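Some notes on the structure that comes next.
This one's a predicted model, so the numbers in the text were calculated from it and none came from an experiment.
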Amino acid sequence: IARFHAGCRADAETARDGTPEAIAVNVVENFKQTRAVLERYLSAAEASEIEAWQLGVLRDQAPVLAARIARGAVRDGHGDLRLEHAYLHQGGITILDCIEFNDRFRYADVACDLAFLTMDLAHHRRVDLAEHLLAAYARESNDFDLYSVIDFYESYRAYVRAKIATFLAENADAPHDLRAGAAAEARRYFLLALAAERAPALRPTVVAVGGILAAGKSTLAGWISREVGAPIVEADRTRKSMLGVAPTTRVNDGAWSGAYDKGFTEKVYAEVMRRAGVVLASGRPVIIDASFRSPAMRLAAQAVARAHGAPFVFVECRAPA
């Protein structure tokens, strides 16, 4: 999915659909199209909470959405990235049936595309897989800022599915069993839209994994990530993204020079901590994979955790020479 998005068109035309005003057209349309039947699925307080929060995000997070446009995150994507369109085939994954009939449903932030799939996983009671998908996508795309908008887009996508379910549930010509099933689906999707904007029950945590080169940091960080579904912010990948090279490209500068000199390394660690902070602000745990060779670097990771009221764990990897 990250490779697909990287090849999608991103220009001034697609960018217009990533503005708060353009997104609000879709959001408000959802509310208008469900207003007459909403009381059958949600309490008045629940309905008001969803509407106030979604519109509040568009109002208050305008700078965040503008930054997403500036980094080229608003693209001509899939538009309908749900589980029923993803097929496991001959050892690979094939995704079918993108939206072709309406550009405004396809021109969106890549996080909005991804949110359809993570929301669908959550709907099928696999939040663990949804978080694994987010973590893997963020690492592959170097887009940890998606965590600043993913909950909004998951709420929006859940509301879309709820709205569509109400169309069948309210259709008097449909068989009773189908209408009853659709009504139950609508209720679940509406509640998922509500849940996406509420704080998680668990506090986020920072796990910093450090040690010398080849001591096993990335192996251990990957294991922890798979256990808890947390994204890994890696100093090495961050450094290469800042240099504009692929993660697999060797950077042949010597120790303490070029890309590894003290000044640039400080910038790398500052970006690592910024990315970790974005993840924490979304209420999720984060793993930081870096050498942490100085006390200042370790203290910076601890400060990020403290700023977000998160527990801090430092794991030092050691290996014999």
Side-chain angles (χ1 to χ4, degrees), residues 1-33 50-82 85 95 97-120 130 133-134 136-164 192-193 196-197 231 241 244 271 274-275 277-279 281-282 284:
I1 296 169
R3 286 193 294 272
F4 163 71
H5 281 153
C8 290
R9 179 164 68 95
D11 54 26
E13 185 180 357
T14 63
R16 284 194 292 271
D17 284 293
T19 64
E21 296 78 15
I23 300 168
V25 171
N26 296 338
V27 170
V28 171
E29 182 178 83
N30 288 336
F31 298 142
K32 286 181 177 178
Q33 291 177 338
I50 295 172
E51 185 168 346
W53 183 73
Q54 289 191 7
L55 294 177
V57 168
L58 295 177
R59 180 186 65 245
D60 301 334
Q61 299 299 315
V64 173
L65 296 172
R68 298 290 295 166
I69 293 172
R71 82 184 307 272
V74 180
R75 295 179 170 253
D76 181 0
H78 186 281
D80 200 18
L81 197 60
R82 292 182 284 130
H85 295 154
I95 296 175
D97 205 22
C98 72
I99 287 183
E100 296 177 334
F101 62 86
N102 194 324
D103 289 348
R104 77 177 169 101
F105 292 152
R106 204 176 63 248
Y107 295 175
D109 194 312
V110 294
C112 187
D113 234 12
L114 192 67
F116 224 150
L117 194 50
T118 57
M119 179 281 298
D120 211 5
L133 175 58
L134 284 176
Y137 182 95
R139 181 178 187 268
E140 184 69 26
S141 63
N142 260 307
D143 184 6
F144 289 88
D145 289 293
L146 71 87
Y147 281 98
S148 65
V149 294
I150 194 68
D151 292 325
F152 166 77
Y153 283 123
E154 285 186 351
S155 179
Y156 162 69
R157 290 302 199 183
Y159 204 101
V160 168
R161 295 307 299 168
K163 177 184 73 173
I164 292 170
L192 196 55
E197 56 101 348
S241 74
E271 175 61 11
R274 188 197 70 79
R275 293 179 178 190
V278 173
V279 178
S282 77
R284 293 170 172 85

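The side-chain heavy atoms of Phe152 and Val57, taken from C-beta on, include a pair separated by under 4.5 Å. You'll find the side chain of Val110 stays beyond 4.5 Å of the side chain of Leu146, heavy atoms only. Proximity of Ile150 to Arg284: side-chain heavy atoms (C-beta onward) are separated by under 4.5 Å at one or more points. Contact of the Arg82 side chain with the Asp120 side chain is registered, since non-hydrogen atoms from C-beta on lie closer than 4.5 Å. Side-chain contact between Glu154 and Phe116 is absent, with no heavy atoms from C-beta onward closer than 4.5 Å.
From Leu81, atom CG reaches atom CD1 of Ile95 across 5.0 Å, with rounding to the nearest 0.5 Å. One finds the CG atom of Asp151 at 13.0 Å from the CE atom of Met119 (value rounded to the nearest 0.5 Å). Atoms OG1 and CG, from Thr118 and Leu134 in turn, are 5.0 Å apart once rounded to the nearest 0.5 Å. Of the inter-residue distances, the one linking Glu21 atom CD with Leu58 atom CG reads 9.0 Å to the nearest 0.5 angstrom. The CG atom of Asp103 sits 7.0 Å away from atom CG of Asp76, with the distance rounded to the nearest 0.5 Å. One finds the CD atom of Glu197 at 8.5 Å from the CD atom of Gln54 (value rounded to the nearest 0.5 Å).
The 12-atom threshold is exceeded at CZ of Arg9, counting heavy atoms of other residues, nucleotides or ligands nearer than 6.0 Å.
Using a 3.5 Å distance cut-off with no hydrogens or angles, the side chains of His85 and Asp97 do pair a donor with an acceptor.
The one candidate from Thr19, Leu65, Ile69 that meets the side-chain contact (heavy atoms from CB on, under 4.5 Å) condition with Val74 is Ile69.
Between Asp11 and Arg16 no salt bridge is recorded (no basic side-chain N to carboxylate O distance below 4.0 Å).
Remark: Arg275 engages Asn142, Thr238, Ser241, Glu271 in a side-chain hydrogen bond (donor to acceptor under 3.5 Å, both in side chains) (not counting sequence neighbours). With sequence neighbours excluded, the residues forming a side-chain hydrogen bond (donor to acceptor under 3.5 Å, both in side chains) with Asp143 are Arg68, Arg71, listed by chain and number.
Looking at Ser155, its side chain does come within 3.5 Å of a backbone N or O of Ala193 through a donor-acceptor pair. Listed for the Arg157 side chain is no donor-acceptor partner under 3.5 Å among the backbone atoms of Ala115. Side-chain atoms of Asp113 come within 3.5 Å of backbone atoms of His78 as a donor-acceptor pair (strictly under, hydrogens ignored).
Relative orientation of the Phe144 and Tyr147 rings is parallel, given thresholds of 30° and 60° on the angle between their planes. The aromatic rings of His5 and Tyr137 stand perpendicular to each other, their planes meeting at an angle above 60°, with 30° marking the opposite boundary. Aromatic ring pairs are classed by plane angle as parallel below 30°, tilted from 30° to 60° and perpendicular above 60°; the pair Tyr153 and Tyr156 is perpendicular.
The two residues Ile23 and Gly18 come nearest to each other via the heavy atoms CD1-O, 3.6 Å. Nearest heavy atoms, Leu55 versus Phe31: CG-CE1, 4.2 Å. Taking both residues in full, the closest heavy atoms of Cys8 and Gly77 are given as SG-CA, 4.1 Å, listed atom of the first, atom of the second, then distance.
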Criterion side chain to side chain contact (heavy atoms under 4.5 Å, CB included) on Tyr107 and Arg75, from CA distance to verdict: CA-CA 5 Å; Tyr107 295 175; Arg75 295 179 170 253; over 6 Å; no
